[in-house]
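Have a look at the structure below, then the notes.
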Amino acid sequence: MTRVRSIVRGVGGYLPQKVLTNAELAKTVDTSDEWIQQRVGIKQRHIAAEGEFTSDLAVAAARKALDNAGLTPDDIDLIVVATTTPDYTFPAAATLVQMKLGIHHGLAFDIQAVCSGFVYAVATADSYIKNGLANRALVIGAETFSRLLDWTDRGTCVLFGDGAGAMILEKTELAEGEPERGVLASALRSDGRHWDKLYVDGGPSTTGTTGHVHMQGPEVFRHAVGKITDVVYSALEKSGYSVDDLDWFVPHQANRRIIDGAGAKLGLPPEKVVITVDRHANTSAASVPLALSVALADGRIKPGDLVMLEAMGGGFTWGASLIRW
Ligand code: UT7
């Protein structure tokens, strides 16, 4: 019997040109390069230019993923954009991406799971493919988080950056005896009781404004490592693998200390953990695909590798996805 699987055909990342270093930030807000590097592990972040929108970042990353896959926009029949910072309240950023890529068939929609958005989007696209609703999905995490920040609040403005990453998942029927590959298992969770530990104080139905990010940082930190490791174990259990089988761990890039804590709790050697938080900061839904694009471009992740994606964010939402490259 054939098995339908969503295999990864290509990945691409895009970062806006403007780089904002810790030293530059320290000129406008009461912080220091030393504090940010010590507590979070961030050295710099990228900031979208005026007039550069989330859908523009998404399209730039999508084009790189299409090039990487050797495909054209016409080959795509599903677009899922994970974002918390869409261009407009509606329509979905995904439909703007569809238009900008010149795609006039298939379907496109956004997913809102904040920093876990990309992992949610991978699991969603995988389900659409396995259920016969799509053949080739463009899965994107794209954010202009800089536009949700209160640039006078040192507790949040130093943490985030802008960027986008894209992955193409393709329906493949594995032949009898052919080894498993593609998305092997996903584990998704949420718990709305924690909504106000990390949220934006505005929205169409409450204030009619966009609002700014508010975070109880130490509270989020306290939950992060446990929740991350829970879903990682859950995805491993579903697919019959163990931590020792993993070639690469590509975590959400929010805080170097959280990544190190999760890696240590899982018993993963640090050299198997992909880190980009130092250069990208927390790009929310874009962080995992951006980290993936870096580790693929520098040749670390290779065909056949077993790769664990993981993220946790506002809601709280959290999730993991295990992929055989
Ligand atoms: O992507 C979604 C998930 N988000 C996260 O994973 C974020 C999770 N939380 C964190 O990463 C950390 O809690 C933070 C990096 C946000 C904060 O680090 P912390 O070690 O928990 O610091 P804190 O909030 O307990 O603050 C310690 C001190 C405070 O000063 P006092 O009260 O001890 O005098 C803060 O006012 O650090 C101060 N502080 C700063 N100092 C310099 C807070 N932000 C800054 C800053 N620069 N930017």
Side-chain angles (χ1 to χ4, degrees), residues 1-12 62 64-80 82 103 105-109 111 118-141 165-189 230-250 266 268 272 274 288-289 291-293 295-297 299-311 319-325:
M1 216 180 73
T2 56
R3 292 153 293 157
V4 175
R5 294 292 178 266
S6 314
I7 62 148
V8 180
R9 275 294 303 267
V11 171
K64 290 199 182 159
L66 286 164
D67 281 351
N68 183 241
L71 295 169
T72 68
D74 255 1
D75 297 318
I76 300 298
D77 60 2
L78 169 65
I79 301 173
V80 186
I103 301 173
H105 60 267
L107 71 157
F109 59 89
I111 279 191
F118 184 76
V119 175
Y120 270 59
V122 166
T124 304
D126 179 42
S127 298
Y128 271 59
I129 287 172
K130 285 181 177 149
N131 286 298
L133 289 162
N135 290 315
R136 247 187 238 113
L138 182 54
V139 186
I140 304 173
M167 175 195 275
I168 294 166
L169 288 177
E170 181 178 77
K171 178 179 176 173
T172 301
E173 294 189 2
L174 300 182
E176 180 102 36
E178 195 179 338
E180 282 289 342
R181 65 192 180 114
V183 180
L184 304 181
S186 295
L188 305 179
R189 282 296 324 275
D230 279 356
V231 279
V232 166
Y233 283 129
S234 177
L236 285 170
E237 201 177 305
K238 283 184 187 191
S239 50
Y241 286 101
S242 74
V243 169
D244 291 342
D245 297 316
L246 293 177
D247 294 299
W248 297 104
F249 181 54
V250 186
L266 290 165
L268 270 168
K272 286 189 175 180
V274 177
V288 169
L292 267 178
S293 71
L296 282 156
R300 270 180 287 174
I301 299 178
K302 294 186 186 65
D305 281 355
L306 192 61
V307 182
M308 179 66 77
L309 316 181
E310 155 284 296
S321 211
L322 184 65
I323 301 179
R324 173 74 71 189
W325 229 259

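Small disclaimer: the values here were computed from a predicted structure and weren't measured.
- Side chain of Asn135 to backbone of Lys171: no donor-acceptor contact under 3.5 angstrom is found.
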How far apart are the C-alpha atoms of Leu236 and Met308, what are their side-chain angles, what is the distance that settles it, and do they pass the side chain to side chain contact (heavy atoms under 4.5 Å, CB included) test?
CA-CA 9 Å; Leu236 285 170; Met308 179 66 77; 3.6 Å; yes
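- A donor-acceptor contact shorter than 3.5 Å is absent between the side chain of Glu237 and the backbone of Ser234.
- A pairwise comparison of heavy atoms in Val231 and Ala187 identifies O-CB, 3.7 Å as the closest pair.
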Side chain to side chain contact (heavy atoms under 4.5 Å, CB included) between Leu133 and Leu78, worked out:
CA-CA 9 Å; Leu133 289 162; Leu78 169 65; over 6 Å; no
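- A salt bridge is absent between Arg3 and Glu173: the closest approach of a Lys/Arg side-chain nitrogen to an acidic carboxylate oxygen does not fall below 4.0 angstrom.
- Residues Trp325 and Lys302 share a closest heavy-atom pair of CB-O, 3.6 Å.
- Scanning both residues, Ala235 and Leu322, for their nearest heavy atoms gives O-CD2, 4.4 Å.
- Nearest heavy atoms, Val139 versus Ala121: CG1-CB, 3.5 Å.
- Of the charged side-chain nitrogens involved, at least one lies within less than 4.0 Å of a carboxylate oxygen, so that Arg136 and Glu170 count as a salt-bridged pair.
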Test side chain to side chain contact (heavy atoms under 4.5 Å, CB included) on Leu292 and Val307 and set out the steps.
CA-CA 10 Å; Leu292 267 178; Val307 182; 4.3 Å; yes
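- Remark: the backbone N or O of Ala69 is paired with a side-chain donor or acceptor of Arg9 at under 3.5 angstrom.
- A side-chain donor-acceptor contact under 3.5 Å links Ser127 to the backbone of Ala123.
- Here the closest non-hydrogen pair linking Asp126 and Ser6 is OD1-OG, 2.6 Å.
- Judged by distance alone, the side chains of Asp305 and Trp248 do bring a donor and an acceptor atom under 3.5 Å apart.
- Panel note: side chain Asp247, backbone Leu306; a donor-acceptor pair is recorded below 3.5 Å.
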Determine, stepwise, if the pair Glu310 / Val119 fulfils side chain to side chain contact (heavy atoms under 4.5 Å, CB included).
CA-CA 7 Å; Glu310 155 284 296; Val119 175; 5.9 Å; no
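- Summarising the geometry of Arg189 relative to Tyr120, their closest heavy-atom pair is O-OH, 2.7 Å, with the distance given to 0.1 Å.
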